[in-house]
Amino acid sequence: MTLRQELADLIRQGIVRAQQVGALPKFDVPPVDVTPTKPQFGDYSTNVALQLARVARMAPQRIAEAIQHHLPTNDVLSECSVATPGFINMRLNPIWVARQVAVIEAKGRDWTRSNVGQGQRVQVEFVSANPTGPLHFGGARNAVLGDTLARVLERVGYTVQREYYVNDAGSQMRKFGETLYARYAQALGEDVPVPPDGYMGTYMVEWGKRIAQEHGRRFLQMEREQAIRELTDAGLRIVLDEVQQDLTNLRVRFDNWFSERSLYEDGTFDRVLSLLREKGLVYEREGALWFAATQLGGEKDEVIVRSTGEPGYFASDIAYHYNKFVLRRFDWVIDVWAVDHQGHVPRMKIMMKALGLDPDRLTILLYNLVTLKRHGEEVKLSKRAGDIITLREVLEEVGPDPIRFMLLTRSNEAKIDFDLGLAVEQTQENPVYYVQYAHTRIAGILRKAREEGWTTWADGNLDLLTHPSEQALLKKILDLPDLLVTIADRLEPHHLTYYAQDLATHFHAFYRDCRVLDPDRPDLTKARLRLVAAVKLVLAHLLEDLLGMTAPEIM
RNA sequence: GCCCCCGUAGCUCAGUGGAUAGAGCACCUGGUUGCGGACCAGGAGGUCAGAGGUUCAAAUCCUCUCGGGGGUACCA
């Protein structure tokens, strides 16, 4: 149980006991919400008494007092008080707080685990950029969001699969293959023009050359259609290899790369189509095959197969989600999409209904766009040339740490200006180094401790950690497991970076107030070394395991 | 036109029913013969876009208005 869950349970028991002795009337006990509060009130508080006023037909203040009086004895709290108009405020027992250091020592990085997910199988599908070129920097936000979310969901007890959907079917792929064919032929001195709406990026020229070097004139000697097919596959391998490299460098990992084309090759699409046909949700008009979304409350019907005979993207979406829910049996699927795809959300929900699935099992997580800047000036993208600012360029310039941190400093729906200058500047405006510096500082203390001959401090007496700054630092740490629960619940990983800065601030304040290494007070020194080592462990866990960053020993 | 998101301190943004609305930066004033000053403390700064409503309680929920962004294809 997390701390907040434990406190909520105490309150719940208080309510039940008060009811048993008649201090409160009988009613169903609602879920109790315990939240951190301001130091002047205590450490945590709950408004449950205010919410119960109606059902209990009592003044909230009296309800709160009844709960307070019947709270079970425990060693977590040192004080529980009632404040007008009916808040119940709780203060943590300083001894209990201090002794949590031992719990952290024992559990290590597993200390933040909880089980609100109860092993439910959730798939996070993210990035899924068209495999027609290098990853655009904008895709980095999707990658960081999805990856961080997956990390947090795992921590709180979900069984998570991370998936990249490879759009290797459809017209974009066709254009990609035709473009590559032209660039390849050009590399061999042939005058084959790039199709008018082809991919103009210079990277296609390079890949054409690369394939020409590796395979010679082989593709020119075969029939054009066959050559395009084979070049498409060759190009796809190059793209996916590069994409995977970039994502690895960003410390983003996938469990599965799912091929869109496979949905057509293994019969999934045909199966779903006949399923919808049986339900009378498919009809033909003007040479195209339509999905009758309006029958299920949609704004308008959607095309499944175009009059050209090619399935549209919606066809793939239906088959793909049928695969996710029916064939692979995920309990919950989160698709991470840029906000410019928002128009698809309603039709995805209707598609769920059409498949006989609860629409709530599909979450479309939308995030806003990223604008790239350099010292306040927007970095223009020259779209005409087809050249884009790639993730790779930014990775090479600033490294993964600032990218990951900065892209989590805004809520999902807020736009982000990513400033290339600021990202590597070691100034007050850059929070990345501020957080990492806290970790480095602790590493420095521990180095110094060994230099000064402190060899072991496992027997340090934790009960000595009573200084307000020590307590404040510990309490900040103790809230992390609950923060992860909140993030998983609201799908808002940006809270992690705010927490990280807050934790660093608490450490720096402690550092100012409490000298760790003091030869005149060996007992206190040992206790503080235990504290500081525990903080280091949690900070490293936060930076490395949750934020996917580095936790440097020196900077 | 219709749909979605946003509007909070000078700037960039947290805060999705609770107590006196917060942080970073910028600005002002202070702090180290001591573990890394890439740090810390204090000050100043608000009609939470506006107007109604719901509620014991609204930045938060509902309605309308204004302003900004996005979406409204047989493209993804």
Side-chain angles (χ1 to χ4, degrees), chain A residues 33 35 37-38 40-41 45-47 50-51 53-54 59-60 83-87 89 128-130 132 167 170-173 175 197 260 285-290 299-317 337-346 366-369 376 409-417 419 422 425-438 440-449 451-452 454 490 492 494-495 497-499 501-502 504-505 507-518 525 528-529 532 554-555:
Chain A
D33 196 24
T35 54
T37 191
K38 299 180 187 179
Q40 48 195 325
F41 300 131
S45 85
T46 179
N47 60 3
L50 291 153
Q51 289 169 338
R54 190 178 297 267
T84 49
F87 294 105
N89 293 323
S128 302
N130 263 353
T132 53
N167 297 107
S171 55
Q172 296 305 313
M173 257 298 109
K175 264 183 236 169
D197 50 354
E260 177 185 8
R285 190 217 300 165
E286 295 163 8
L289 209 57
W290 293 74
E299 290 282 312
K300 60 180 194 57
D301 292 347
E302 310 289 343
V303 167
I304 300 177
V305 181
R306 290 180 275 175
S307 50
T308 59
E310 283 176 291
Y313 58 87
F314 191 58
S316 299
D317 280 340
W337 288 1
V339 71
D340 55 344
H341 291 233
Q342 57 171 267
H344 299 261
V345 176
L366 299 174
Y367 64 91
N368 218 317
L369 305 177
T409 55
R410 299 285 182 271
S411 58
N412 302 336
E413 58 273 13
K415 290 178 204 165
I416 295 183
D417 289 335
D419 196 304
L422 174 63
E425 246 171 47
Q426 299 181 9
T427 69
Q428 302 277 331
E429 286 179 74
N430 190 334
V432 180
Y433 298 99
Y434 177 79
V435 175
Q436 291 181 322
Y437 178 58
T440 303
R441 229 178 185 179
I442 299 176
I445 295 173
L446 295 177
R447 269 196 307 275
K448 182 101 176 173
E451 284 166 21
E452 292 186 358
W454 300 93
R490 312 215 299 227
E492 292 176 346
H494 69 281
H495 296 295
T497 55
Y498 286 85
Y499 175 83
Q501 291 178 76
D502 209 13
T505 296
F507 171 75
H508 290 309
F510 157 81
Y511 179 88
R512 175 202 64 224
D513 294 335
C514 304
R515 187 178 171 81
V516 176
L517 303 176
D518 186 350
T525 295
R528 285 181 172 167
L529 280 169
V532 151
I554 50 169
M555 289 172 72

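Below, chains carry the letters A, B, ... as their sequence lines are ordered, and counting in each starts from 1.
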Ring pair (Phe, Tyr, Trp, His ring centres under 6.0 Å) partners of [X], counting only residues at least two apart:
| X | value |
| --- | --- |
| A/Tyr437 | A/His508 |
| A/Tyr499 | none |
| A/His344 | A/Tyr313, A/His341 |

What are the atom names and distances for every N/O pair under 3.5 Å that joins the protein to nucleotides 66-69 of chain B?
unit_1 : atom_1 : unit_2   : atom_2 : d
B/G69  : O2'    : A/Lys415 : NZ     : 3.1

Write down the distance separating the [atom1] atoms in [N] and [M], rounded off to the nearest Å.
| N | M | atom1 | result |
| --- | --- | --- | --- |
| B/G15 | B/U20 | C1' | 16 Å |
| B/A41 | B/A51 | C1' | 43 Å |
| B/A44 | B/A21 | P | 14 Å |
| B/A49 | B/C13 | P | 15 Å |
| B/G45 | B/C39 | P | 26 Å |
| B/G50 | B/G37 | P | 44 Å |
| B/A57 | B/G17 | C1' | 7 Å |
| B/C56 | B/G10 | P | 35 Å |

Below 3.5 Å, does any donor atom in the side chain of [X] face an acceptor in the base of [N], or the other way round?
| X | N | value |
| --- | --- | --- |
| A/Thr505 | B/A23 | no |
| A/Thr308 | B/C74 | no |
| A/Glu299 | B/C3 | no |

Rounded to the nearest 0.5 Å, how far does [atom2] of [Y] lie from [atom1] of [X]?
| X | Y | atom1 | atom2 | value |
| --- | --- | --- | --- | --- |
| A/Leu517 | A/Glu451 | CG | CD | 10.0 Å |
| A/Tyr434 | A/Gln501 | OH | CD | 8.0 Å |
| A/Leu529 | A/Ile445 | CG | CD1 | 8.5 Å |
| A/Phe314 | A/Ile304 | CZ | CD1 | 7.0 Å |
| A/Asn47 | A/Thr37 | CG | OG1 | 10.5 Å |

Using both distances under 3.5 Å as the test, list the Watson-Crick or G-U wobble partner of [N], or none.
| N | value |
| --- | --- |
| B/C66 | B/G7 |
| B/A23 | B/U12 |
| B/U54 | none |
| B/C2 | B/G71 |
| B/U47 | none |
| B/A41 | B/U29 |
| B/G17 | none |

Partners meeting side-chain hydrogen bond (donor to acceptor under 3.5 Å, both in side chains) with [X] (sequence neighbours left out):
| X | value |
| --- | --- |
| A/Asp340 | none |
| A/Gln342 | none |
| A/Ser316 | A/Glu260, A/Tyr264 |

Hey, does [X] reach any base, or is it just sugar-phosphate, or nothing, if we go heavy atoms under 4.0 Å?
| X | result |
| --- | --- |
| A/His495 | sugar-phosphate |
| A/Tyr498 | sugar-phosphate |
| A/Glu286 | base |
| A/Asp317 | nothing |
| A/Ser411 | sugar-phosphate |
| A/Ala449 | nothing |
| A/Thr35 | nothing |

Using atom [atom1] of [X] as one end and atom [atom2] of [N] as the other, report the distance to the nearest whole Å.
| X | N | atom1 | atom2 | answer |
| --- | --- | --- | --- | --- |
| A/His494 | B/C13 | NE2 | P | 13 Å |
| A/Arg54 | B/C56 | CZ | C1' | 9 Å |
| A/Glu492 | B/C5 | CD | P | 14 Å |
| A/Asp502 | B/G22 | CG | P | 14 Å |
| A/Trp337 | B/C4 | CH2 | C1' | 14 Å |
| A/Asp419 | B/U12 | CG | C1' | 12 Å |
| A/Leu422 | B/C11 | CG | P | 18 Å |
| A/Arg490 | B/U16 | CZ | C1' | 7 Å |

Quick test: give all pairs of protein nitrogen or oxygen and nucleotides 33-36 of chain B nitrogen or oxygen below 3.5 Å, distance rounded to 0.1 Å.
unit_1 : atom_1 : unit_2   : atom_2 : d
B/G34  : O2'    : A/Arg515 : NH1    : 3.2
B/G34  : O2'    : A/Arg515 : NH2    : 3.4
B/C35  : O4'    : A/Arg515 : NH2    : 3.3
B/C35  : O2     : A/Leu517 : N      : 3.1
B/C35  : N3     : A/Val516 : N      : 3.0
B/C35  : N4     : A/Tyr511 : O      : 2.8
B/C35  : N4     : A/Cys514 : O      : 3.0
B/G36  : O2'    : A/Tyr437 : OH     : 2.3
B/G36  : O2'    : A/Arg441 : NE     : 3.4
B/G36  : O6     : A/Met555 : N      : 3.4

Give a yes/no on whether any side-chain N or O of A/Tyr499 is located under 4.0 angstrom from OP1 or OP2 of B/A23.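 False: A/Tyr499 side-chain N/O out of range (4.0 Å or more) of B/A23 OP1/OP2.
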From the list B/G18, B/G71, B/A38, which nucleotide is the closest neighbour of the side chain of A/Asp340? B/G71
From the candidates B/C75, B/A19, B/C74, the one with an atom nearest any side-chain atom of A/Gln172 is B/C75
Name the residue closer to the 5' end of RNA chain B, choosing between A/Asp417 and A/Phe314 according to the nucleotide with the nearest heavy atom. A/Asp417
I want to confirm an ordering. Mapping A/Gly287 and A/Asn89 to their closest nucleotides on RNA chain B, which one lands closer to the 5' end?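 The residue whose closest nucleotide sits nearer the 5' end is A/Asn89.
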Charged tip of A/Arg441 within 45° of A/Tyr511 ring normal and under 6.0 Å: yes
May I have the list of side-chain donor-acceptor pairs in residues 409-417 of chain A shorter than 3.5 Å, sequence neighbours left out?
unit_1   : atom_1 : unit_2   : atom_2 : d
A/Thr409 : OG1    : A/Met406 : O      : 2.6
A/Asn412 : ND2    : A/Leu491 : O      : 2.9

